[in-house]
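Everything below concerns the one structure shown next.
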Amino acid sequence: TSSPQPFPADGLGDPSDNRPQTPLISVVVPCYNEEAVIGLTHPRLSSTLAALGLPYEIVYVNDGSRDRTLALLKDIQAGDSHVRVVGFSRNFGHQLAVTAGIDNAAGDAIVIIDADLQDPPELIGDMIAKWREGYDVVYGRRTIRVGESAFKLATAGLFYRLLNRLSDTAIPLDTGDFRLIDRMVAEAMRNMPERDRFLRGMVAWLGFKQYALDYKRDARAAGETKYPLRKMLAFATDGILSFSIAPLRVAVWLGVLTAAFSVCGIAWDLFTRLFTRHWVSGWASLLFAVLLMGGVQLIMLGIVGEYVGRIYREGKRRPLYLVRERFGFDDNKKSP
Ligand code: UDP
Ligand code: MG
């Protein structure tokens with residue numbers, strides 16, 4: 001039940017032109033406190049990849065875990081030459097872990113998948129098939145999501161619809177970061193040095209030939225979500241503020257609206273002052289106007305502040321993430 005999205009299937013070049021005969025497949029796995037699940041993930045991922053019969057590597061990014069994740073990844077790496085490990089100096093967040101994985105992946109095609117087996121690795125074969133047909137991005141579209149709270153489903157649904165209303169970039173609904181990207185797309189993403197990264201939006205912005213592969217998102221195999229409400233809100237804010245300046249325009253509309261109201265108010269005041277005897281009254285409406293204006297101004301100041309803060313952070317030009325350790329890479333392969 002998959003359909004090409006958002007581009008029609010026409011106009012695809014002959015894939016044999018630009019797809020290598022035996023491509024290297026990289027799989028990027030961000031891991032934060034995943035000791036409970038990593039021992040399940042690796043065997044399932046590597047048996048799926050081995051069955052494809054293509055050369056592959058798995059790039060695990062340890063995003064500053066506080067548990068035994070790094071030690072487990074080291075063990076896995078020691079026993080499997082397909083495995084590479086990148087360890088951050090601290091927790092930088094999911095989107096940056098994925099970014100580091102992409103930066104360190106050598107593959108002709110790069111697959112991004114969560115560590116918790118919510119995205120079935122078995123789909124990677126289908127993604128590669130679509131890539132070989134000529135698509136540059138094959139992203140998973142979750143038709144069914146198992147084991148997510150009603151609250152998460154409702155807020156996620158609302159968020160993606162709001163984001164699409166506000167943004168000029170059409171960001172496909174119900175997608176996550178589970179996707180395959182071509183080398184070319186990965187290189188393009190390296191040239192997007194923005195700090196507040198909303199990868200699924202960035203990939204949508206890039207364009208290229210994209211294909212939506214429908215799938216059922218499972219429940220976590222083990223462990224707990226690493227996205228508490230606070231992180232989810234920050235992520236949603238990044239999505240909207242990075243892909244839309246519509247919130248800034250709210251100021252203009254609110255201004256127009258309140259100005260229109262005050263013109264009516266002034267007219268009414270003048271009328272009562274000149275033509276009636278009740279012109280002393282009006283404290284309540286005065287207070288109301290002052291409070292309303294104060295509130296509206298503070299909200300708008302806050303929104304402007306969000307954007308200014310982001311400009312400030314970008315202006316410092318700090319590195320996006322810091323790598324503390326790397327295992328399993330060829331010696332000649334330089335770190336980014
Ligand atoms: N993750 C990460 N850094 C973080 C939070 C999460 O690398 O700060 C990883 C996590 O290990 C997992 C993926 O991002 O592989 C998605 O996280 P999770 O499954 O907790 O999110 P959910 O599926 O609940 O939205
Ligand atoms: Mg998950």
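The number of heavy atoms from other shown groups lying within 6.0 Å of CD (E224) does not exceed 12. No more than 12 heavy atoms of other residues, nucleotides or ligands lie within 6.0 Å of CZ in F261, so this atom counts as exposed by the packing criterion.
Within the 4.5 Å cutoff, side-chain heavy atoms of W205 are placed close to those of M192. Using a 4.5 Å heavy-atom cutoff, the side chains of Y32 and R66 are in contact. The closest side-chain heavy-atom distance from R90 to L322 is not below 4.5 Å. Between L70 and V85, some side-chain heavy-atom pair lies under the 4.5 Å cut-off. For the pair T155 and M232, the minimum side-chain heavy-atom distance is below 4.5 Å. At least one side-chain heavy atom of H42 sits less than 4.5 Å from a side-chain heavy atom of D80. Between L180 and I128 the shortest side-chain heavy-atom distance falls below 4.5 Å.
To the nearest 0.5 angstrom, F178 atom CZ is 11.0 Å from R142 atom CZ. Atom CG of N33 and atom CG of N91 lie 8.0 Å apart (nearest 0.5 Å). For the atom pair CG of D218 and CG of D114, the computed distance is 12.0 Å after rounding to the nearest 0.5 Å. L117 contributes atom CG, which lies 8.0 Å from atom CG of L45 (distance to the nearest 0.5 angstrom). Interatomic distance, CG of L254 versus CD of Q297, reported as 11.0 Å (0.5 Å rounding). The CD1 atom of I110 sits 9.0 Å away from the CG atom of L24 when rounded to the nearest 0.5 Å.
N104 and R84 share no donor-acceptor pair across their side chains, judged by distance under 3.5 Å alone. No donor-acceptor contact under 3.5 angstrom links the side chains of E325 and N62, judged on distance only.
Side-chain N or O atoms of T169 include none that pairs as donor or acceptor with a backbone N or O of A204 at under 3.5 Å. The backbone N or O of Y60 lies less than 3.5 Å from no partner atom in the side chain of Q77, so there is not a single donor-acceptor pair. Remark: side-chain polar atoms of S65 are not paired, donor with acceptor, to backbone N or O of D67 under 3.5 angstrom. With hydrogens and angles disregarded, no donor-acceptor distance shorter than 3.5 Å links the side chain of N164 to the backbone of A170. Judged by distance alone, with hydrogens and angles left aside, the side-chain atoms of S89 form no donor-acceptor pair with the main-chain N or O of V323 at under 3.5 Å.
The cluster map of Ile, Leu, Val, Met, Phe, Trp and Tyr, joined by side-chain heavy atoms under 4.5 Å apart, puts F198 and L158 in different clusters. Put simply, V27 and L72 are part of the same group of oily side chains (I, L, V, M, F, W, Y) that touch within less than 4.5 Å, one to the next. In the hydrophobic clustering of this structure, M202 groups with Y160; members are Ile, Leu, Val, Met, Phe, Trp, Tyr whose side-chain heavy atoms approach within less than 4.5 Å, directly or through other members. Cluster annotation: V61 is connected to F329 through the hydrophobic network of ILVMFWY side chains, with a link wherever side-chain heavy atoms come within less than 4.5 Å. Placement of V29 and L123 within a single hydrophobic cluster is found when ILVMFWY residues are connected by side-chain heavy-atom separations under 4.5 Å, directly or transitively.
Using a 30° and 60° split on the angle between ring planes, F275 and F271 fall in the tilted class, from 30° to 60°. Note on ring orientation: taking the six-membered ring where Trp is involved, the planes of H82 and Y56 are parallel (angle under 30°, cut-offs 30° and 60°).
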> Going through the distances and angles, do V83 and F327 end up as a side-chain contact (heavy atoms from CB on, under 4.5 Å)?
Replying inline: CA-CA 8 Å; V83 174; F327 303 97; over 6 Å; no
>> I'd like to know whether R313 forms a salt bridge (Lys or Arg N to Asp or Glu O under 4.0 Å) with D196, so could you lay out the CA-CA distance, the side-chain angles of the two residues, the decisive distance to 0.1 Å, and finally the verdict.
In response: CA-CA 9 Å; R313 253 190 307 173; D196 300 300; 3.1 Å; yes
>> Could you walk me through whether D214 and R141 satisfy the salt bridge (Lys or Arg N to Asp or Glu O under 4.0 Å) test, starting with their C-alpha distance in whole Å, then the side-chain angles of each, then the deciding distance to 0.1 Å, before giving a yes or no?
In response: CA-CA 5 Å; D214 288 343; R141 187 165 55 186; 2.8 Å; yes
> Going through the distances and angles, do L199 and T99 end up as a side-chain contact (heavy atoms from CB on, under 4.5 Å)?
Replying inline: CA-CA 8 Å; L199 293 172; T99 303; 3.9 Å; yes
> Going through the distances and angles, do D63 and K226 end up as a side-chain contact (heavy atoms from CB on, under 4.5 Å)?
Replying inline: CA-CA 11 Å; D63 184 12; K226 308 301 178 304; over 6 Å; no
> Taking it one step at a time, do R179 and V111 satisfy side-chain contact (heavy atoms from CB on, under 4.5 Å)?
Replying inline: CA-CA 6 Å; R179 57 186 65 217; V111 177; over 6 Å; no
> Yes or no on side-chain hydrogen bond (donor to acceptor under 3.5 Å, both in side chains) for D126 and Y215, after CA distance, side-chain angles and deciding distance?
Replying inline: CA-CA 11 Å; D126 299 342; Y215 74 108; over 6 Å; no
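Pairing each heavy atom of P121 with each of I113, the nearest pair is CA-CD1, 3.9 Å. Of all heavy-atom pairs spanning L241 and P247, the tightest one is CD2-CG, 4.2 Å. Contact detail for L54 and P23: the closest heavy-atom pair is CD2-CD, 3.8 Å. Considering every non-hydrogen atom in both P20 and R132, the closest pair reads O-NH2, 4.1 Å. Looking at every heavy atom in both residues, S244 comes nearest to Y307 through O-OH, 2.6 Å. The minimum heavy-atom distance between P193 and L320, with the atom names listed, is O-CD2, 3.6 Å.
Residue pairs meeting the ring pair (Phe, Tyr, Trp, His ring centres under 6.0 Å) criterion with at least one partner in residues 97-116, sequence neighbours excluded, do not occur; the list is empty.
Remark: R310 engages E306 in a salt bridge, criterion side-chain N to carboxylate O under 4.0 Å. Salt bridge status for D177 with R200: present, with a side-chain N to carboxylate O gap under 4.0 Å. Salt-bridge check for K209 with E133: failed, with every basic side-chain N at 4.0 Å or more from each acidic carboxylate O. One finds a salt bridge joining D136 and R19 here, because a Lys/Arg side-chain nitrogen approaches an Asp/Glu carboxylate oxygen to under 4.0 Å. Taking the charged nitrogens against the carboxylate oxygens, R44 and E122 do have a contact shorter than 4.0 Å, which makes a salt bridge.
In this structure, K130 is positioned above the aromatic face of Y211, its NZ or CZ under 6.0 Å from the six-membered ring centre and within 45° of the axis.
Ring to ring, H94 and F235 are not that close: their centroids are 6.0 angstrom or more apart.
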